[in-house]
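Note on naming: letters A, B, ... go to the chains in the order of the sequence lines (proteins, then strands), and numbering restarts at 1 for each one.
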Amino acid sequence: MNRKAGCILSTMTASALLLSACSGGGGDDNAAGSGKELTMWTWKVAYTPGFEAAAKLYEQKTGVKVKIDTFTPDDTYRQKFQAAANSKNLPDVINWWATAGDSIEGSVLELSGEIKDDVLGKYVGTAMDPIRITQTQVDSWKTDKNATTVQKGLKVGEFYGLPLDIGGFFTFYGNKKLLEEAGLKAEAPKTWEEFVSMMEAVKAKSGTPGLVFGAKIPDLWENWAGSALSIMHGGPQGYIDLLERKAKMSDPANLPVVKAMETLAGKDLLMPGVLSTDIDGADQAFAAGKAAFDLGGSFTMSTLLAMGMKPEDIITFPVPPLEGSKIQAWTTDPFTLTQLSVNKDSKNREAALDFITFMTTDPEAAVAFANGAYTVPAVNLGDHAKDLDPNLKSISDAFAKEPGPYSEASPAINSLRGKHKEWEVYAQALQSVIEKKLTAEQAAGKFDDTMAKLEASGN
Amino acid sequence: MVTTKNKWVPYLFLLPGVLLFLGVGVYSVGFSILLSFYNWSGIDFSTARFEGLANFRQFLLGDDPIVTQNFYKALLHNALIAVFQVVIVVPAALVLAFTLQNTKMAAMYRTVYFLPMIASGVAIFYVWKGLFEPAGALNALFQWIGLDFLVIPGGMLGSSSTSLMGIILTTIWGGLPGTLILYYAGLTSIDPTLYEAASVDGASKTTLIRKITWPLLKPITLIAVIQMINGAFQTFENVFIMTGGGPGGSSEVIGTLVYRTAFLDNDYGLASAIGWVSFLVTGVIAIFSIRSFQADI
């Protein structure tokens with residue numbers, strides 16, 4: 001190779017490197033140019049068939065194609081979003097966790113001026129609750145020295161996405177075969193105490209541990225079961241008082257909830273190794289018959305079926321109340337799981353807005369999405385509900401139709417449980433309770449002491 | 001021959017590397033230092049808020065008691081990993097290097113010893129996780145050899161008393177080959193005539209090691225120790241995959257704390273500040289190690 005060719009080659013290499021470093025995803029460029037294609041990102045692999053089915057309907061209706069890219073797991077998706085937002089390389093439509101103040105607000109379109117009541121009225125009652133910014137949140141961010149500038153700039157009533165699907169935590173799944181082998185009726189227990197005795201019976205008969213859940217994630221128990229036990233035991237206001245630091249965990253009204261975990265640990269009812277088990281691992285263990293019960297949400301059923309279980313092998317029931325609870329039965333109060341948002345810099349803004357409205361409110365699109373993604377849509381389906389997959393329909397039918405106790409407590413949960421770090425300490429203390437290294441009283445005491453210390457230091 | 005006309009050509013070849021270094025290395029390090037003085041959620045730097053030293057005060061001086069507690073706990077865990085690694089890996093690598101040098105089956109042993117260096121960390125740590133599970137190989141081994149009292153019912157990673165020990169074991173396993181290579185190279189580079197001369201003078205095997213081998217390997221030991229300390233304070237992959245820092249924060253290290261703070265809590269300023277303080281701590285320990293070894297070399 002002569003020198004001249006060498007120079008050209010090296011210049012080209014340098015230019016290529018520079019160009020590749022500076023260029024972005026490029027998908028939206030295509031959309032911007034033709035106006036016939038929208039780009040969309042999601043992190044939910046299981047949702048992709050649903051998105052594709054609904055996108056196909058949208059293409060048939062409008063001629064606009066929607067290209068869907070999936071980036072998983074959650075952390076990777078968050079990082080991908082942040083990198084793309086910083087380089088102004090976001091797609092037209094973004095699937096995101098249904099939340100407000102998650103710092104995406106600077107990058108996506110504020111929709112309160114765009115979406116009117118005729119659209120919002122199509123969603124189930126509480127669907128907009130976690131998405132629409134509340135006075136409690138604004139007040140909380142205003143006084144929180146660690147709140148971001150984005151959070152401090154948000155206003156009451158704003159919303160940055162439309163609700164796509166709803167679901168609920170607080171659901172236990174039981175292995176019907178193991179229960180029947182232990183001489184039990186495969187029926188939902190009426191109280192926590194009855195639930196514990198069922199686990200004991202299974203363990204005594206087959207040696208199979210009672211319960212598995214993703215205890216590797218410290219706050220999972222509180223998010224998926226503990227808060228329901230608390231809300232039922234002391235009523236929603238009792239839990240709100242705890243969140244607002246007006247009550248103590250060691251109060252007689254709250255301590256029984258901590259003791260519920262102590263009972264499971266003390267009677268060796270939890271699957272060995274539960275503290276190193278994540279959500280998927282817990283579902284796998286349950287599907288493999290390594291535990292009689294699994295803690296999950298409405299979304300867990302699809303995972304269990306994908307793992308080879310059959311609906312007739314499983315019983316599902318909501319978190320049962322502790323004896324003496326103020327609320328005697330938990331109604332699975334669904335809340336919005338994910339939302340669809342529009343990139344505020346999208347050159348296909350109108351089309352993107354039209355697509356997310358179609359995706360979240362058109363009954364046919366919602367059914368196509370729901371059946372493909374195995375999740376319950378956030379829109380009121382009316383007569384179209386009959387087109388849902390039968391298992392999905394039964395999950396949907398089990399949801400409470402009116403706002404229940406969880407909805408009452410959820411504004412405080414959304415704004416305070418992450419901010420008040422005594423909950424982080426409590427979650428770790430509960431892990432120590434599982435290990436039998438702390439008693440319920442000691443764990444509650446840790447919560448109370450931390451709360452006092454944090455309050456004293458202005459945190 | 002380099003002429004006036006083409007003397008810039010070598011620089012042109014260097015350009016991609018230089019640009020890459022400036023763009024990726026210097027920029028990201030500088031930006032990270034800058035970030036540590038800001039409150040920023042990770043998107044659009046125009047929304048960042050200058051906070052001065054608030055991030056540092058938060059975890060160093062107890063402005064936020066929980067973050068402070070998490071930081072010092074994580075730092076202690078990193079220090080423990082470093083201490084165990086140095087104390088166990090240095091003698092083990094030295095012995096193995098001697099074995100490698102003096103065995104006829106060196107090629108086979110080399111393959112076995114260097115396996116951790118070529119194997120994918122993520123895949124291997126999942127294997128380790130399986131070994132440490134309640135029904136995993138480790139507990140099964142203890143049961144099989146009759147050491148039932150060593151069986152951990154919840155698995156090594158599922159107990160706050162032993163999870164860090166599990167992490168340390170994998171760190172030692174991962175750190176051994178690097179040190180072994182250094183010692184093996186060091187041993188093979190020692191002039192054999194030194195040993196011959198000393199033997200002629202009547203030196204015993206122990207004396208040869210004490211008076212010739214060890215002094216000549218001291219600079220290598222210094223490099224190995226610094227490498228291990230540096231590695232221990234950068235521990236992340238194994239903790240993230242195997243325990244996530246739990247149970248109850250018992251295996252949290254600076255790496256997972258920084259990750260959690262930045263990517264889950266969206267607090268990039270605090271995460272950067274924690275990262276830089278950890279870097280300074282590592283630097284101070286490295287300088288201390290260099291000084292103490294230099295006095296001896």
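Two rings, from Trp96(A) and Tyr160(A), have their centers 6.0 Å or more apart. Aromatic ring centres of Phe213(A) and Trp221(A): separated by under 6.0 Å.
Applying the 6.0 Å contact sphere to CZ of Phe84(B) captures no more than 12 heavy atoms from other residues, nucleotides or ligands.
For residues 55-63 of chain B, a heavy-atom distance under 4.5 Å to chain A picks out Gln58(B), Asp63(B), given by residue number.
In this structure, the portion of Pro153(B) lying under 4.5 Å from any heavy atom of chain A is its backbone and not its side chain. Proximity to chain A (any heavy atom under 4.5 Å) is shown, for Ser160(B), by both the backbone and the side chain. When heavy atoms are compared at a cutoff of 4.5 Å, Met156(B) does not approach chain A at all. Contact of Gln428(A) with chain B is made through backbone and side chain together, with heavy-atom distances under 4.5 Å. Using a 4.5 Å cut-off between heavy atoms, Asn146(A) touches chain B through backbone and side chain atoms alike. For Gln82(A), the parts sitting under 4.5 Å from any heavy atom of chain B are the backbone and the side chain alike. Asn70(B) touches chain A through its side chain: at least one heavy atom from C-beta onward sits under 4.5 Å away, while N, CA, C and O do not. Proximity to chain B is absent for every atom of Thr277(A), based on heavy atoms less than 4.5 angstrom apart. For Ser107(A), the part sitting under 4.5 Å from any heavy atom of chain B is the side chain, from C-beta outward, and nothing else. Within the 4.5 angstrom heavy-atom criterion, no atom of Glu422(A) approaches chain B. Both the backbone and the side chain of Asp102(A) come within contact range of chain B, each with at least one heavy atom under 4.5 Å from a heavy atom of that chain. For chain B, the nearby part of Ala147(A) is the backbone; its heavy atoms alone come within less than 4.5 Å. For Asp75(A), the parts lying near chain B are the backbone and the side chain together; criterion is any non-hydrogen pair under 4.5 Å.
For the pair His420(A) (side chain) and Leu243(A) (backbone), a donor-acceptor distance under 3.5 Å is present. No side-chain donor-acceptor contact under 3.5 Å links Thr256(B) to the backbone of Glu252(B).
Put simply, CZ on Phe240(B) and CD1 on Ile167(B) are 12.5 Å apart, with the number rounded to the nearest 0.5 Å.
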